[in-house]
Amino acid sequence: MPAATADCLVIGGGFAGLSTALHLAWSGAKVRVVERGRVGDGTSSRASGWICAQLRSPNPLLALVLESLAYYPAFLARLGTDCGYAVSGSTVAFDSPEQLASRRTIDAEMRKVPAYEGTRFLDARELRELEPAFAERMVGGAFYARDAQVDPRLLLEAMHRAAVACGATVHEGAEVTELVRDGAEWRATTAMGDFTAPQVVNASGAWAGAISDQTGFELAVMPVSGQLLVTRPHPGVLRSCVIYQPDPRFETTLACGIRPAVDGRLWMGTTYRAGTYDVSITTADTQAILGAVASVFPSLVGLEIEQAWAGVRPVPTDLLPVYGRVSSIDGYHIAVPIAGLAEAAIIGKVVAAGVMGGDAGHPEVSPDRLLEAD
Ligand SMILES: Cc1cc2nc3c(=O)[nH]c(=O)nc-3n(C[C@H](O)[C@H](O)[C@H](O)COP(=O)(O)OP(=O)(O)OC[C@H]3O[C@@H](n4cnc5c(N)ncnc54)[C@H](O)[C@@H]3O)c2cc1C
């Protein structure tokens, strides 16, 4: 069987791969996405739905998330559907003056990143007025009005549909078992046949290290699995996405966050299990989430849980995403996010610009920095 050809092959049908395929197709390139399962089968269908700048550190990821936040409305308009998008803001609560002070210091650093407008700090009364569900012991909070939310599954469907509509071909059930440079082309071997293209984008998420090994470029991506619970609809109990993070001086495997989706369901999570691809629903994680909700939002105890799932986050080991061309390997590009839903709009724009030979910008997250770090 002759190989199926394209201008660019994208390995992985999650947010990173679909966003890249969309931006390539919008630029007129012939693109094929090869996905080993179904679109979204990896991590993207497991996300919580936060497009959140407030909780980031003052680093290049914050700049990308801010760029993505600004671009999201135009991106969704181009997809032709809103996917449950809402600019609901995010509220962080603190239960000690030390936590509040530490957040003020971080926020001052974050303000040095262009486009970050600074959070609005709240005293205990203002926090309670904004979000009465927080426990009485909270001494204050911080509200960032520009943070947004979107339904991850609706977004995946819309991105998939739009990619196909604008000419990209998405091959599901096409696991890449071998990737080799063959003259001027990459050749990907899959159960559905071979695919060739002069350019390839590795957008295979938490599995990107294994694909990259075949190109000779070492890419260290740590899998961090985590669980989420979704309640039946309870409209009106929260206005914004709310979060409480235990004191950062203590080791924690949990941040207690709740996203009030536009349909009234509360998405509650999430846990962090580093170094594992295990996506089973565990009693320990369920109890950890429910225990945290009980202590931070006492009035939300006993809500009926409708769904639970877990996914595995790709986390490059220097805690920054990896976008763009590997300059030492012809036609090899990487698209590995960290906050993959928040970055879903921007990642493809940046990576596709590099594939098309333009200046992708953002050298601080380029794969080449990983070589410099060695
Ligand atoms: C519980 C949870 C909550 C989260 N909440 C949020 C959130 O609220 N906001 C946010 O910004 N981020 C969130 N994240 C993180 C976000 O989901 C990920 O960063 C994002 O989904 C990663 O997208 P991706 O396209 O890189 O990876 P994936 O979606 O995993 O896509 C990679 C694809 O590559 C495929 N693949 C792998 N190997 C091969 C191969 N050999 N051949 C072909 N295909 C292959 C996989 O099947 C997979 O579909 C959350 C993650 C978890 C687990």
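Note that ligands are numbered from 1 as they come in the structure, with each ligand's atoms numbered from 1 the same way. It should be emphasised that the depicted structure is a prediction, and the values quoted were computed from it without experimental measurement.
- Near Arg46, the atoms of ligand 1 lying under 4.0 angstrom from a non-hydrogen atom of the residue are 1 (C), 2 (C), 3 (C).
- Every atom of ligand 1 is numbered from 1 in the order shown, and the set under 4.0 Å from a heavy atom of Ala342 is 10 (C), 11 (O).
- Residue Ala16 has at least one heavy-atom neighbour below 4.0 Å for each of these atoms of ligand 1: 25 (O), 26 (O).
- For the pair Cys52 and Val65, the minimum side-chain heavy-atom distance is 4.5 Å or more.
- Ligand 1 lies less than 4.0 angstrom from a heavy atom belonging to Gly49.
- Taking every non-hydrogen atom of Gly226 and a distance limit under 4.0 Å, the qualifying atoms of ligand 1 come out as 1 (C).
- Residue contact annotation: Ile338 has a non-hydrogen atom under 4.0 Å from ligand 1.
- Note: Phe297 and Tyr244 fail the aromatic proximity criterion, with ring centroids not under 6.0 Å apart.
- Of the protein's non-hydrogen atoms, Glu35 OE1, 3.4 Å is the one closest to atom 48 (C) of ligand 1.
- Under a 4.0 Å criterion applied to the non-hydrogen atoms of Gly14, ligand 1 contributes the atoms 25 (O), 29 (O), 31 (O).
- Summary of contacts: the protein heavy atom closest to atom 43 (C) of ligand 1 is Arg36 N, 3.3 Å.
- The protein heavy-atom contact nearest to atom 19 (O) of ligand 1 is Gly340 N, 2.9 Å.
- Ligand 1 has no N or O atom lying under 3.5 Å from any N or O atom of Val336, backbone or side chain.
- No more than 12 heavy atoms of other residues, nucleotides or ligands sit less than 6.0 Å from atom CZ of Arg146.
- With respect to atom 23 (O) of ligand 1, the closest heavy atom belonging to the protein is Ser44 OG, 3.2 Å.
- Contact annotation: for Ala174 versus ligand 1, heavy atoms closer than 4.0 Å belong to the backbone alone.
- Those atoms of ligand 1 that come under 4.0 Å of a heavy atom in Ser48, given as number and element, are 3 (C), 4 (C), 5 (N), 6 (C), 7 (C), 8 (O).
- Here the side chain of Thr231 pairs a donor or acceptor atom with the backbone of Leu266 at under 3.5 angstrom.
- Looking at Pro321, Pro152, Gly205, Gly12, it is Gly12 that brings a heavy atom closest to atom 34 (O) of ligand 1.
- For the residues Gly311, Ser204, Ala206, the heavy atom positioned nearest atom 53 (C) of ligand 1 is part of Gly311.
- Ligand 1 has no atom lying under 4.0 Å from any heavy atom of Ala188.
- The only member of Glu364, Glu343, Lys349, His362 that meets side-chain hydrogen bond (donor to acceptor under 3.5 Å, both in side chains) when paired with Tyr323 is Glu343.
- Within the 4.5 Å cutoff, no side-chain heavy atoms of Thr91 are placed close to those of Leu238.
- Counting heavy atoms under 4.0 Å from ligand 1, residue Trp207 touches it through the side chain alone.
- Of the charged side-chain nitrogens involved, at least one lies within less than 4.0 Å of a carboxylate oxygen, so that Arg125 and Glu129 count as a salt-bridged pair.
- Residues Thr270 and Arg313 form a side-chain contact, since some pair of their non-hydrogen atoms from C-beta on lies under 4.5 Å apart.
- Judged by the shortest distance from any of its heavy atoms, Pro337 lies inside the 4.0 Å radius around the atoms of ligand 1.
- The shortest distance between side-chain heavy atoms of Trp207 and Val312 falls below 4.5 Å.
- Only the side chain of Ile211 comes within 4.0 Å of ligand 1, counting heavy atoms alone; its backbone N, CA, C and O stay farther away.
- For atom 28 (P) of ligand 1, the closest heavy atom belonging to the protein is Thr43 N, 3.5 Å.
- The ligand atoms of ligand 1 that sit less than 4.0 angstrom from a heavy atom of Trp50 are 7 (C), 8 (O), 9 (N), 10 (C), 11 (O).
- Annotation: Val312 places no N or O atom under 3.5 Å from an N or O atom of ligand 1; distance criterion only.
- Residue contact check: Thr270 has heavy atoms under 4.0 Å from atoms 1 (C) of ligand 1.
- Considering backbone and side-chain N/O atoms, Gly42 comes within less than 3.5 Å of an N/O atom of ligand 1.
- No side-chain heavy atom of Asp41 sits under 4.5 Å from any side-chain heavy atom of Arg36.
- Under the 4.5 Å side-chain criterion, counting only non-hydrogen atoms from C-beta, Cys241 is not in contact with Asp147.
- An N or O contact shorter than 3.5 Å is missing between Gly17 and ligand 1 by distance.
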